[in-house]
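Worksheet: one structure, shown below.
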Amino acid sequence: MKSTINQKFNELFGGHGRMFASAGRVNLIGEHTDYNGGYVFPGAIDCGIMAEIRPNGTSKVRLYSIDFQEQVEFGLNEEDKPAQSWASYVFGVCRETIKRGGKVEGFDAVFAGDVPLGAGLSSSAALESTFAFALNELFGNGFDKFELAKIGQSTEHNYCGVKCGIMDQFASVFGRKGSLIRLNCKTLEYKYFPFDPQGYKVVLVDSCVKHELASSAYNKRRESCERASAAIKKNHPEIDCLSDCKRVWLDEVRGEISQEDFLRAEYVIGEVQRVLDVCDALERGDYETVGELMYQTHFGLSRLYEVSCEELDFLNKLARKCDVTGSRVMGGGFGGCTINLVKDELYGAFIDAVNTQFTQKFGHAPKIYDVVISDGAREIC
Ligand code: ADP
Ligand code: MG
């Protein structure tokens, strides 16, 4: 990828600039916990975006996308937003940097990526953090990493119409090879934990379905969580959100909330604890326990939180049948990927089973992505 970018840059702009990269991400465990003030546990992966960039001494940005084979030119004022949606991610990063008092002048850039688009691996965060990091270095703005992640998040909110949380950009900026990062979504405290599963592969199986339910169900789940935590707060005024609650406190309000709200809250409280348990297990290098907790999360998402679907439950059951160590739906649910922790020696049989049995049942093949936990935003020499 690097030499293709260098060649194109030289062809379009002459000479060379500096090279930057960032990564997509996975979330090992900690699902639907972010808006409940709980933990997520993401890491950057070995696919991402790479860009060659050089200031051009003008007030214009000239941007070439290798993957879309298209060049776009835009100014740096609010009214200069390009029509191409892929370019508006970079425009947004420029604008959000400027809004925070950072300097951005005209530059030339060529970039390419290998994160599958829209598969739940956050290709958009990879794109944002590559440019947020690069502009910070090139124009000497001195923003810290949190600010760079927030520049990416605000880009999604203000220029791409996606009201996302901070996890994707956080993981993409802070990612570190061989580590996952536990992020407390309430306090934004974070801690690295070793993740180097020798003898196992991390495999994503993309069901390639997206059910329509997703956004209305998401809002309903949030409302259930708010009702449950409001009920608990009457007895325990010190809590701010559901992730502060102990399981026994939920039992105290069982008669006051609906059965549905109870199950949703039961899942969230359990999931916050599972993230902590996974972290303990990783410190012991105990990947079998990690895997078992992933299955528990899937059960919770499917039966208590009810955000799974037939395709994802099928993939999860098939993983169990193939003796896969851990498997669960990753992301908001109702489609997308499962994330699986698979022993090397079982990998071939699992992939064969997934390809044949899933395709037979649902009439289309799933997509398989093997990932390795890798570095996030950085300059490449
Ligand atoms: P994801 O879940 O992968 O983040 P999004 O819909 O949020 O999905 O972001 C995908 C969008 O990000 C693409 O449609 C494109 O506009 C932009 N993008 C991601 N990767 C690239 C790339 N390699 N080249 C150009 N644009 C990209
Ligand atoms: Mg995205």
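Note that ligands are numbered from 1 as they come in the structure, with each ligand's atoms numbered from 1 the same way.
A heavy-atom separation below 4.0 Å is found between P116 and ligand 1. Not close to ligand 1: V115, with no non-hydrogen atom less than 4.0 angstrom away.
With 2.8 Å as the limit, S124 counts as an N, O or S neighbour of the Mg ion (ligand 2).
Only the side chain of I49 comes within 4.0 Å of ligand 1, counting heavy atoms alone; its backbone N, CA, C and O stay farther away. With a 4.0 Å cut-off on non-hydrogen atoms, L117 touches ligand 1 through its backbone as well as its side chain. Contact annotation: for A126 versus ligand 1, there are no heavy atoms closer than 4.0 Å.
Interface of L127 with ligand 1, defined as ligand atoms under 4.0 Å from a residue heavy atom, comprises 17 (C), 18 (N), 26 (N), 27 (C). Those atoms of ligand 1 that come under 4.0 Å of a heavy atom in D67, given as number and element, are 22 (C), 23 (N), 24 (N).
At least one N/O-N/O distance between G118 and ligand 1 falls below 3.5 Å. Taking any N or O of E156, backbone or side chain, none lies under 3.5 Å from an N or O belonging to ligand 1.
In this structure, R176 satisfies the cation-pi test against Y192, with its NZ or CZ atom closer than 6.0 Å to the six-membered ring centre and inside 45 degrees of the ring normal. For K60 and F74, the positive end is not near the middle of the six-membered ring at less than 6.0 Å and at most 45° from its axis. With F139 as the aromatic partner, K103 does not meet the cation-pi criteria of under 6.0 angstrom to the ring centre and within 45 degrees of the ring axis. Annotation: cation-pi geometry not satisfied between R182 and F41 (NZ/CZ under 6.0 angstrom from ring centroid, within 45° of ring axis).
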Walk me through it: do Y190 and F170 pass the test ring-ring contact (aromatic ring centres under 6.0 Å, His included)?
CA-CA 10 Å; Y190 64 94; F170 171 83; 5.5 Å; yes
Trace of the ring-ring contact (aromatic ring centres under 6.0 Å, His included) decision for W86 with F91
CA-CA 9 Å; W86 63 265; F91 175 75; over 10 Å; no
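Looking at V209, T338, V329 one by one, the single match for side-chain contact (heavy atoms from CB on, under 4.5 Å) with E311 turns out to be V209.
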